[in-house]
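One structure below.
None of the values given here were measured: they were computed from a predicted structure. Because only heavy atoms are used, hydrogens play no part in the values below, and waters and symmetry mates are left out as well, while side chains stay in.
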Amino acid sequence: MNLVNVGEADEVEALCSIYGTDFHIEDPHNRSYSIDIREGDKAAILKVTMPSDYPSSSPPKYELNAPWLKGPKRQELCGNIEEIYLENIGDSVIYLWVEQIRQFLITTGEKEERVNKEKEKKEAELLKKMSEMGVGSHDACPTIISGEIISDRKSHFQPHLAAVTSQDEVKQVVSKLYTNKKIANATHNMLAYRIAGSRSEVFLQDCDDDGETHAGGRMLHLLQIVDARNVLVVVSRWFGGILLGPDRFKHINNATRQILEQCGYIKSAEVDKDKKGKKVK
């Protein structure tokens, strides 16, 4: 039966036949009905009331019961429902509405499944990375200080600093940072550290780009220029969907310098010089 070209009684009979126990007659006098719609772990209830001039002149009055569906997603679905009516004025639309909602539930479920898989993959990669770095000793973790967030075009950069004197302490600090879900979910967590050896001219130092090519190396270069010693700096970046180009390195550098100044590794009133004699403000 073509449900867009039938009378009200025929439409109700067809809907009852198609949806079986999921179709409910709420109030036959007021021509009110409801349909349960389920797909996977998503469910919704569409309640409709047919005006006396439906479908010739007016659409059904509807109520969508789906507490999990809020904000822009709910507006999107309601917009789709109303658009279907405008494209089919004068015809029966309840079946089309139900199937539109059903398709929306399927699509939403598939998207959430992809997001969950990506999240699980990232968590697995994080656990692997932490395992490779080791958990460090059971001594108290060095104190971690976090700096102000720098924001640009929906991307956010935040520096973190800890005083360290060994690679074990570096591992401890990184492991501790990754217990913070916000930091663990950052797009990149770039780091650099520089530890003075027993001889003043010898340093234990390294860096990690964490996917942001050259970022860690630039951070380490800054530590070298200002002669920062026994310190680890991590800069977390949350990507906002807009490419920043070279500006991202400027923000990473500024975040690193900011936390070094904040913690006294750079005296703000001083002017440091690198080995070539260039002034760095």
Side-chain angles (χ1 to χ4, degrees), residues 3-4 8 11-51 54-55 58-89 91-127 149 151 153-156 158 178-188 236-242:
L3 289 186
V4 299
E8 178 187 322
E11 182 177 12
V12 171
E13 181 181 352
L15 291 171
C16 185
S17 175
I18 292 170
Y19 299 114
T21 56
D22 289 334
F23 182 81
H24 308 283
I25 300 174
E26 302 288 345
D27 185 345
H29 178 71
N30 289 320
R31 297 185 291 275
S32 295
Y33 312 93
S34 66
I35 303 99
D36 297 333
I37 310 164
R38 299 183 186 86
E39 286 296 335
D41 62 348
K42 300 297 181 187
I45 299 174
L46 177 66
K47 296 182 178 180
V48 295
T49 299
M50 300 179 180
Y54 167 78
S58 298
K61 296 178 182 178
Y62 78 91
E63 178 184 336
L64 182 61
N65 188 347
W68 57 272
L69 185 61
K70 299 177 181 179
K73 282 292 183 182
R74 188 180 187 89
Q75 294 175 6
E76 178 185 348
L77 178 53
C78 290
N80 292 344
I81 290 173
E82 289 155 15
E83 192 172 310
I84 286 174
Y85 170 73
L86 294 175
E87 293 173 351
N88 296 275
I89 292 177
D91 293 328
S92 302
V93 295
I94 295 176
Y95 172 78
L96 298 177
W97 282 3
V98 173
E99 293 311 305
Q100 172 63 39
I101 295 169
R102 186 183 307 284
Q103 186 58 47
F104 192 89
L105 298 187
I106 293 172
T107 303
T108 301
E110 290 174 347
K111 286 181 179 178
E112 288 187 359
E113 184 177 357
R114 286 198 299 271
V115 170
N116 289 335
K117 285 183 178 179
E118 289 173 3
K119 184 177 179 181
E120 289 173 1
K121 181 180 177 182
K122 187 165 186 177
E123 288 176 350
E125 291 173 349
L126 173 59
L127 290 173
I149 294 175
S151 299
R153 286 165 280 180
K154 299 183 179 181
S155 279
H156 307 286
Q158 185 178 32
Y178 275 112
T179 63
N180 182 308
K181 289 185 178 181
K182 180 180 178 183
I183 294 173
N185 288 327
T187 312
H188 308 288
S236 302
R237 181 195 180 182
W238 295 270
F239 179 57
I242 300 174

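- Using modelled atom types, no side-chain atom of R38 and backbone atom of A43 make a donor-acceptor pair closer than 3.5 Å.
- For the atom pair CD1 (I37) and CH2 (W97), the distance works out to 11.5 Å, reported to the nearest 0.5 Å.
- For the pair V93 and Y54, the tightest heavy-atom approach, listed with the atom from each and the gap, is N-OH, 3.1 Å.
- Rounding to the nearest 0.5 Å places CD1 of I25 at 6.0 Å from SG of C16.
- One finds the NZ atom of K42 at 15.0 Å from the CD1 atom of I101 (value rounded to the nearest 0.5 Å).
- No side-chain donor-acceptor contact under 3.5 Å links S17 to the backbone of E13.
- Atom CG in L96 sits 9.5 Å away from atom CD in E87 (nearest 0.5 Å).
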Inset, instruction - Applying side-chain contact (heavy atoms from CB on, under 4.5 Å), run through S32 and K47 and close with a yes or a no. - result: CA-CA 7 Å; S32 295; K47 296 182 178 180; over 6 Å; no
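- The 12-atom threshold is exceeded at CD of E76, counting heavy atoms of other residues, nucleotides or ligands nearer than 6.0 Å.
- Atom NZ of K182 and atom CH2 of W238 lie 5.0 Å apart (nearest 0.5 Å).
- In plain terms, the two heavy atoms of K61 and P51 that are nearest each other are N-CD, 4.4 Å.
- Side-chain N/O atoms of H156 and S151 include a donor and acceptor closer than 3.5 Å.
- Relative ring orientation between F23 and Y33 is described as parallel, the plane-to-plane angle staying below 30° on a 0-90° scale split at 30° and 60°.
- Atom-to-atom distance recorded for I84:CD1 and I94:CD1 is 12.0 Å, nearest 0.5 angstrom.
- Here the closest non-hydrogen pair linking S236 and I183 is OG-CG2, 3.7 Å.
- With hydrogens and angles left out, the side-chain atoms of S34 and E26 include a donor and acceptor closer than 3.5 Å.
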Legend entry - Steps toward side-chain contact (heavy atoms from CB on, under 4.5 Å) verdict (R31, V48): CA-CA 8 Å; R31 297 185 291 275; V48 295; over 6 Å; no
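- By the 4.0 Å N-to-carboxylate-O rule, R114 lies too far from E118 to be salt-bridged with it.
- Residues R237 and I242 share a closest heavy-atom pair of NH2-O, 4.4 Å.
- Defined by atom type and a distance below 3.5 Å, a donor-acceptor pair is missing between the side-chain atoms of Y95 and Q100.
- Ion pairing between E99 and R102 holds under the 4.0 Å rule for side-chain N and carboxylate O.
- Side-chain N or O atoms of D27 include one that pairs as donor or acceptor with a backbone N or O of N30 at under 3.5 Å.
- Geometrically, K73 does not engage W68 in a cation-pi contact, judged by NZ or CZ lying under 6.0 Å from the ring centre and within 45° of the ring axis.
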Inset, instruction - With side-chain contact (heavy atoms from CB on, under 4.5 Å) as the test, would you mind laying out the steps for Y62 and T49 before giving the verdict? - result: CA-CA 6 Å; Y62 78 91; T49 299; over 6 Å; no
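- Formation of a donor-acceptor pair under 3.5 Å by the S92 side chain with backbone atoms of E11 is not found in this model.
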